[in-house]
Each structure stands twice: as C-alpha cells, then as structure tokens.
Amino acid sequence: MPSPIALTSAHRQESIFKKRSPSYITAMRSAQSYLIALSEADARARSRDSGSTSSAPTFSLTSSTTTSSQGTVTPDDPYDNSDGLAYPITPPTSEQIVFADHLQFGFCANESYRYKAAHKPGTPFIEQLEQDPPYYILLTTYLSYLFLICVGHIRDFFGKRFYPAFYRHLLPFDGYAPLNSDFDSFYTRRLKERMDDCFSAPVTGVPGRTIMLLDREREGYQYPFYPTGTKTRALNISSYNYLGFANSTGGCADAVEECIRLYGVSTCGARLEGGSSELHVTAEALVARFVGQEDALISSMGFATNSTIIPALVSKGCLLISDELNHASIRVGARLSSANVRMFKHNNMESLESLLREVISQGQPKTHRPWKKILLVVEGLYSMEGTLVNLPKIMELKKKYKFCLFVDEAHSIGAMGPNGRGVADYFGINPQSIDILMGTFTKSFGAAGGYVAGSKALIDRLRLRGHGSVYAESMTPPVLTQILASTASIMGVSSPSTLELTQHHPGPADPSQLPAWLDLPPSLRDGSEGRMRLRRLAFNARYLTRGLGKLGFITYGHTDSPIVPLLVFNPGKMSAFSRMMRARKTPVVVVVVAYPATPLITSRVRFCVSASHTKDDIDTILRGCDEIGDVLDLKHLPGERWSLERIMNNATELVNMEDN
Amino acid sequence: MDRSPSALEPLFAFLSYALIQAELAFFKIPGSSVIARYVKSSHQNDPGRTVLEILLALFAIRTLLQSRTRADNGEKHFIQFSEKEIDELVDEWTPEPLGAPLTAEEQTDLASIPVVSGANGPRPKLVNTGKQVLNLASYNFTGLANNETIQERAIETLRKYGVGSCGPPGFYGTIDVHMDLERDIADFLGTEAAILYSQAFSTIPSVVSAFAKRGDIIVADRGVNFAIQKGMQISRSTIRWFDHNDLKSLEDVLLGIEKERRKRRGPLTRRFIITEGIFEKDGSISDLPKLIELKNKYKYRLVLDESISFGTVGRTGRGLTELYNVPAAQIDILLGSVANGLNAAGGFCAGSDIVVNHQRINGTSFVFSAAVPALLAVSASEGINILRNTPSILSTLQENIRAIRSVLERVDCITMPSHPASPIIHIHVRPPPAAHLSPRALPSTGSTKPSNPASPVPRDAPTFDIVAEERLLQEIVDEALSQGVWITRARRLRGQEVVEARPSIRLAVTAALSRKECERAAGVVKAAAVKVLAKRK
C-alpha cells in the first residue's frame, strides 16, 4: 500500500469495523445492515468497558473505574537507570530543592550553567552567514536525489504494470479522477516513505526533557507500521518545550487541575456568541501586559491565529510583504486576505529595502494608485533556520517607509530576551513601536493556541473582524489556565513591596490580574524560577550551538537561538543520523527536515533545546553528534576545532565568549 | 611581441584538438548526422535563416533564465524613477491606519457580549449581569460540558501527559491518546479511519484545499458556512453553486457541468460536492440519501460538513448518517467538530484510509500546527463513550427541541427556517406584510429560470434590511437576557461572506435543561419577540 503513515497500524489491529475489511462496509448497502452493525459496535464498546483487561498497550479509554492506576506520574520503573536518564549525574544535596520530576525537567543546581541572552545595545546586528559545504558534498547530494528519483520512476513503471492494484488510487478509476495523482505524490511515496520511521513517531506521556516513544516496526517500506508493544524512553531535543512548562506536576499542572474542577473542559462556542469566559478576559489582559502592548486577543489555535487575523488586517488594495521563509500559516492568511503579496529574500534587509522602494514608488499594479497600506510580516525566530529577525534595521526602515509591522513570535515569545518577552525584549526595542505582535502558546508556555497583541483600538477591531471570534471555538479553560500560570511564572507576580515596578514594561504581573483561586507556589510566584528557566535555556542554546561549531558541524541560525539546525545535506545521512541517535545507549530523539520544508540541498537535523535540559544532557547530545558526525562525515566547518573533552570542560567559557 | 605566437601555439593546438574531439563525440550520438546535414543544407540554402535560428535559440534561453520574481520590472507598466523621485514618492505616501477604530455602535455591540463567570453550562452565571441565566446560546447540545466523568478523566490525563503537546504530529506530537480518539471516531461512525485537527474551524479549509486543486470542480450549496467558503477560496478550484438545500438544482448543475465537459472534451478532473449536514446558517438538513444517489450517478465525491450534526442527531448522535441510516463509508470525506459535538476542542475528518493518510502529509493545518492537548482528546473520547452508552441523551435533546419549537411556532411575527430535528433553531423576523407588495413577490409566480451556477448569488435573491433586522433581533436578545434567558444573534462577518445570510437569532438547544426549563425559556423568547416586534411600524 503506498504512502502508509505510521498511525494506520493501530487502526488495523483494533478497529471494530476494520476487522471485517473495508469490503464489508461497501457491501453494506442497506440501511438495515448498517443499523445492525452500529448496535453491534456499541455492544462491543460496552463490553470493552466492563472487561477491564485490554490488550492495547496505549492509555485505554475505558471508564474511570479501571484506569485509576494508570494515571500515576511515576516513571514506569523508578529504579531503572540503564539509559542514564532517570537520575541526574550530579545528585541534589540536602539544601537544594528539586521541584520537578527529573524525567520531565532536569535537575541542575550549578549556577554557572546560566546565561542571560540579550543583544548588546549599540553593537551591530550580526548577519548569520550560511556556510557552504565542500563541493563533493553538494555533488553527492544531487546524485542521491537523482538516484532516488530514477529508482522511484523505475519502480513506478514496473509497479503499474505488474501490481496495478497498488496504484489504483493514484490513477483514474471508474470515472473518478484520482484524489492524488502518482506524479503529485511521487516525493512522498518514493523518497519520504523510505524514512517514515523518522517522522510521526507515536509517543506517550509528557513531552518534557525526556519522552516515551511507543516502539513500532514495519515489514518493509510499503507496509504500515504496527506497534511492538514496547516503549523506549529517550532524551527529547525535539519538542518546542523551550521553558520546560510541559509538566504533569508542579504549580502549573496543579492550577490546571483546579481549573478543570471549577470551569470544566469546554467553553462551548465562539467568542462573540456563547463561548466567552471570564478566563479569556483575564488571560488576554495578562498576555498584553506580558508582551508590553495595550491589549491582546487569544485564539484557540496557533496556525489559525495567522490564517484568520491577517485577512482582517489587509484586503484588496493593500500589500503584504512577506519573508520568503515565513510559516505556512502566514501564507494561508495572505492568500485568504486577497491582498497583493510580495516576498523578499530571507532576512535580507537590502532586498527588503529595494522592494519597499519599488512598491511604494510604483503603487498598485497597473493602476499605479498608492497602496492603501503595506503590512510587513516577519517571524521573530524562524523555525527551520534558527535565524533571528534583524529587528533594529526593520525598525529603521519602518520609520522611513511607514509600513505596518507584524512580527510572528511563535517561537521567540518566552524563549528569547532577558525577560522572555520575545525579540523586542532581546533587542531592547519598545514593543509598542511594533503594530502587531503575534505568538503562540504551544511552545514556551506548554499550552496551545495563539494571540495577537497591539493597541486597544486595533485589537477591538480584530475582535469583531477576525474570522476566529465569530466562527471558531474559543480556547478551553484548562489551556487558558496553563497560559495564565506559565505567563505569571515567567513574569513573576509583584508583591505589595514591589507594586510600583508593575508600571514599567518588562515588569512583574499585577496580582489583581490573576484569578483569586490561582495559587502558585512561592518560587513561581516571585519569578525566581521563571528567571532561572530563561537563563538555563539561554545557556543551553548557546552551549549547543557553539559546541557543535567547535566540533566542526555546519549549523545555521543565531547563537542565542534555541533552535539549532545542524546541516547534513545528503538525504541518506538524514535518516541515518536519526536512527543512530535513537539507537544509542542513551536514546535521543531528533527531528530531521528535508525538502520540501527546506531547499533541496540543505537537509538538516533540528534541535530544539529547552530549559529542562541539563548541561549533562547537552553533553550527551554533543557526544552523540561527535561520534555520528565522524561516521557520516558531517564535520565540514572551517576554523578552529576543539576536542569533545575540551568543549565539555570549558562549557562556561565557550558560552560566555563574545561573538566575533 | 615575437614570442606571443609561439606562446599561443599550444593553445591553438589544444583548441583544434578539442574541436575535432567534440565533432567526433557529436557524431557518436545517434541521429546527429541527420541534424548536421540539416544545418548544413539550411545554411547553404539560406544563410539568413541560420542567423534567425541562432537568435531564436538565444531568445528561448533568455526567457528560460529570467526568473519569475524579476518579471515585474520587465512589465510594461513599470515606470523608471530616479532615486530622488523614489525618495519623494516615499515621503509623499501616507498609508491608511492598520485598523479603523470602532464606531460607537460597534463598541456597544462588543461590550454587550455576555461573559460567563465560572463554568459554562446550561445555567451559567454571567459577569455582565451577575445573575444566573438559562443558556440557549452556547453549544452544549448533549450536556457534556459539565460531565463529572469527563472532568475526572481530563484530570487523570493531565497528571500523565501535562497540557500542551509541544509539537506538530509529525515531530513527536502524535500522542497515543490522539490515535485512540481517531480510532474512536472512526469506530463510532463506521469509517476506515479518521484524522484529528486542533481546531474545528481550521479543519474544513485545510481538508478542502488538500484535495481540491486548481482545475478541479467543486459544486457547493449556496448556503455553506464561512469555513467551507474559505476552503474553496484557498483551493482555487472552479466553483459551481446550487440553490440552498435544493437537490433538483444540484442535479441541474451537475448535468450542466457534464454537458460542458463532453463538449470541451476536457481531461478528467477531481469533482466534489460540498455541503453541510445541518446548515450552520439556518438549521436546515440535507437530504443525504438523495445526495448520495446523485454523487454516485455523476461520479462526484461528497464532502459533508457535519460540524453541527455530529453529536446532535441520530439515535446516539452519530450525525446525519445515523439519522438517515446511511453507512458513513458512503460519504467520501466526512468532516465534524469535536468542539461542538463532544465539547472538547478540535475537528476531525473521517473517511477511507487513503483519504485520511493523504491529509497527514498534505493537510496544511494538520502538518503545521501543534496537536490537540492530550486532556482534550481524552475528554472527547470519553464523550463518545457517554453518547454510545446513553442514547437517552439524544432523545431528551429531541424532546427539548420539540418543546421549544412548539412554543415558538405559535408566534406570528417570526419564522423558523430550521428543520424540526435540528438542535440549532434560527429565528428570522417575519417581514412586515407591506413587504410582500414589493417586486420580489412577483418571481415566485413568474419565471422558473434557474440561478447562474457560476455565481453564489441565487436568482431572485431575497432582499432584507440587514441593519434594521439586526437591531430588532438584538433588542429581542437583550430583552430575553433581562428575563434570565441567554440567547444570541448568529454573528456574521458582514461583507466577507459570499452571500449575506439573513440576520437571525440562533438558539442552541441542550439536553442538559429540563423540559420545563426549555418551555419557560421559549416562553421568554416568545414574549420578547412579541414585545419588540409589536413596537415596529
């Protein structure tokens, strides 16, 4: 079966309808037989309820009486430390406080493994140069793709003739055009399928410092995966858990539990109809304060924040200027807005300026009327590149060319800046000089959804004009509470003695901005833990980037970026890297990305460091990369090389080095 | 000077050698001698032609090399300015503000939206009034919102999984509970598979644009909801419209397309019929068996949006398929809302393995968005469990719908376009009798010419005064709220929908209220409508 994705395997085994094969359903023409099948399905579901034994290894969905034992937070075997993940290498002493499960948030008491990342005022923005690999790497990469394409076409050619049943859904059949033509799906079927084990791996539990993989296997490329029933715990350098707020214990989780008891799990409708909760109002005020804007609007999905708000900002006769590497959600929003769209080279300010001069002087195409407005959309931190937007230069251009600025801080909010307030904080720029700040709660906050923040008048306009507030479900109370609790923890909540501080921008939250029942533990309430998390994240990000550089790997992006892409170029090395990392004694899960998410040539491994990682975890990753990098011939960066030991022993020095 | 010829000699030798080698290599290519002979003879006959051909070849290469982004400069509309002129133009340009400030009416409108204090449910307390109200505004059809079992399961899940999934499904965001919910939905409906999205509203555009591409044909109902409209907009397919919930009109449109295709002998493209189970705009219900008959006859794929009908109609809430006893597997692409139907969050698409797997790579809002929080997925699974095991919820819901309708049907000044089984009941203001004398009353007797399928606006579109009707409806809403019943106008993005829907009040009936309470609430709505509409001239 072409293009099987991992998830189908579970269905195959356990679906009630599936057991009788799809032909049963298509044969079931009469309403009578359908009704019988439905009642049988219900009966089976009920009997599954009463008999508590379930062969499924997954979190079973039976009634609460049988599952109370499964909801525990302890690791499966508390004494098993064979993979080196369960216990810290440097154990805590009696006076140190361990506030989280080491598997979810690593214990690290060494105060020197902290760093405060900020752009030094007055220094120029350092362009992030993209190092090219040696020519033989380029050549072999192109040859690999050529080879894969040739083999794929040969297989298609013979497959269509000898196994037409496998190709039926790709070719016209019975008067229907195929849902997906064989040409369109070629890349998926012939290239991606070979390394499907590196994507969409099913997991369970908290995506914290470590993650529990549900092991799966398949007979061959063309067969679907089936679960083996075993699990593997692995070091997680892949989730967007920048500040480590993805936790099933601790202050935030306690608050969410309290919230579910008080508010339930649903708000039942759209914001403007029947789904506005007081929690929305509270959270929006706090988020506005957090990012330093007058007001904010929360949307229940990060992707939808862009795709529903951008059409409310620009329309016909307006121009949207977009960085060429902007996220898909921005592109969808741009397309829905029916504004004109122009792109400039990724983070290239000369390209942007010359485009601005051209479009303002030329005006609208054909008519040459002036544009109603120009909206520049950039991302704060690019999720595939790790590049940081050149905000100081953009602010200069903004003054001169009078365009409106929309900064998508999906990855940078919470993760960048000395106070975690995003790129504006990092560069020391007044956030109110940016028209629209957008961000998501999926990443640093361990929640879901997104926000836009701006002036009160603009946000009120978006409340009425955004698609989401009229037609989409509003955010649910548990997610809102996670946002409230994590945001308050990053900011800290002012006590009466520090109340006057709340007037300044990167200041703590006002206690009146939080619901009365929200009871945060002292370390979260005073912001000390939030600061510690920010500084641990900054240290880890810098240490990993520089460590990889000193080992000789080509990485992209900014030194302070928690997203660290490591370039592997050859497509074959990508899957090899992923598999070798997972097969180590301390398994590590990594994200590999290739064409079409990146240019054809620059396949990469993407690390997302987190505050929950300890220095030892980063060492583990560096050691893994070092060994695998030798095997796969990945070290092509010219310049000074350090040995692994030297890097590990001089981590603090490495992190504190100035940029050159 | 005299040394240069000798210095260049090896170069000449090499050049002539290379030329000979190139010639030899060229003649080794099969068929090359034919080309060479052709070029030679053509040059002999007409040397001018060789020049022309070389120029043509150069022009072709130039066109190929010119990138698309530079095309704008080459356009004839491009005006060359000097740097100084550009600076002046930049100084001159004054953009509009990003968003116009709200008008006074809009501000009152925004401020009047009720905010729930505490948990939402059948009898929530509102922040605005501080009082408890009967809720006919929120989507809580089967009363799952305050279910304690669901809350317990959500807390258990929280204690195992945390809140956020911290990643898209492709990158370690596929949690086992998502797979369980997908399987539960597929089992519940009786399809091969299902896929879970993290917001219901974003599900539909993503699914539509994952399948329908430029050149494909979409035949859609004129009354489809905003999400479907947006999906069709992104897909860039050819769109044909049929009259709202009129399958006769659908058949005419399908016949027309078939004729056109035969005439033009165009290639076989994907063809879809997109419609809703229960229409969000007016609560009418599609005739599913007839739809399936038509789609099979004309070989279309059916995309059915069950955002309102899933979890609200049928014996156990399986939706339209259960209501009509049609196997869900006959619907190619079935969409539904986990947020509305199961009181959690997200949307789903159910269908065959092929349909679902295609979206795992090509569904934009699936691929590029973080997965639903685990505790919400488990809540939804538990919701399905409850619906399965307690069919009485759905019969209570139907009783409540009947109770409310029986009160409201006796009111003269309003009309209800919704189907008697629909859990959302739309209320329109009945136009004053004088309006019937306007020219729009004539076409009903006269021409029967069908609407233009290429235009979303139907022939003889009803006319109504949006502003005036909305004001009246808002007065009814406010009046009902002051009597302790929370209802809402159906909100619309005016000016952005392809066809303006008639302003309406939308009641969302819930099984969580008793029959008595429903009758009381309906009585309040009735009294408010009578009171407000009696005043109008």
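Chain letters run A, B, ... following the sequence lines, proteins first and then strands; every chain starts at 1.
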For B/Q233, is it the side chain, the backbone, both, or neither that has a heavy atom closer than 4.5 Å to a heavy atom of chain A? side chain
Please name all residues satisfying salt bridge (Lys or Arg N to Asp or Glu O under 4.0 Å) with A/R357, sequence neighbours left out, ordered by chain then number. B/E83, B/D87
Would A/T204 and B/Y161 count as having a side-chain donor-acceptor pair, cut-off 3.5 Å? yes
Less than 4.5 Å to any heavy atom of chain A: does that hold for the side chain of B/V127, its backbone, both, or neither? side chain
Atom SG in B/C166, atom CD1 in A/I211: separation rounded to 0.5 Å? 9.0 Å
Sequence neighbours excluded, which residues qualify as salt bridge (Lys or Arg N to Asp or Glu O under 4.0 Å) partners of B/E322? B/R318
Counting only heavy atoms closer than 4.5 Å, note whether B/T364 contacts chain A via side chain, backbone, both or neither. both
Which portion of B/A345 sits near chain A, non-hydrogen atoms under 4.5 angstrom: both
For B/E106, is there an ion pair with A/R465 - N to carboxylate O distance below 4.0 angstrom? no
Using non-hydrogen atoms and a 4.5 Å limit, figure out which bit of A/T481 sits close to chain B: side chain, backbone, both or neither. neither
Using side-chain heavy atoms (C-beta onward) and a distance below 4.5 Å, is B/R492 in contact with A/V470? no
Under 4.5 Å heavy-atom distance to chain B, tell me which part of A/R331 shows up: side chain, backbone, both or neither. neither
For residues A/S248 and B/L158, report the shortest heavy-atom separation together with the two atoms involved. CB-O, 3.4 Å
Should the ring pair B/F368 and A/F303 be called parallel, tilted or perpendicular, given that the plane angle runs from 0 to 90° and is split at 30 and 60? parallel
Option in B/L136, B/D91, B/T321, B/V115 with maximal non-hydrogen atom pairs under 4.5 Å from chain A: B/V115
Which atom pair, heavy atoms only, marks the closest approach of B/W93 to A/W371? NE1-O, 2.9 Å
Please tell me if the side chains of A/R461 and B/L102 come closer than 4.5 Å, counting only heavy atoms from C-beta onward. yes
Check whether any side-chain heavy atom of A/P478 sits under 4.5 Å from a side-chain heavy atom of B/L375, and report yes or no. yes
When the 4.5 angstrom heavy-atom criterion is applied to A/A304 and chain B, the contacting part is both
Please confirm whether the backbone N or O of A/P178 pairs with a side-chain atom of B/R270, one donor and one acceptor, at under 3.5 Å? yes
Classify the side-chain pair B/T488/A/E273 by whether it contains a donor and acceptor separated by less than 3.5 Å. no
dist B/I150:CD1 -> A/I260:CD1 (nearest 0.5 Å) comes out at 11.5 Å
Toward chain A, the part of B/P373 with a non-hydrogen atom under 4.5 Å: side chain
Are side-chain heavy atoms of B/I155 and A/R261 found at a separation under 4.5 Å? yes
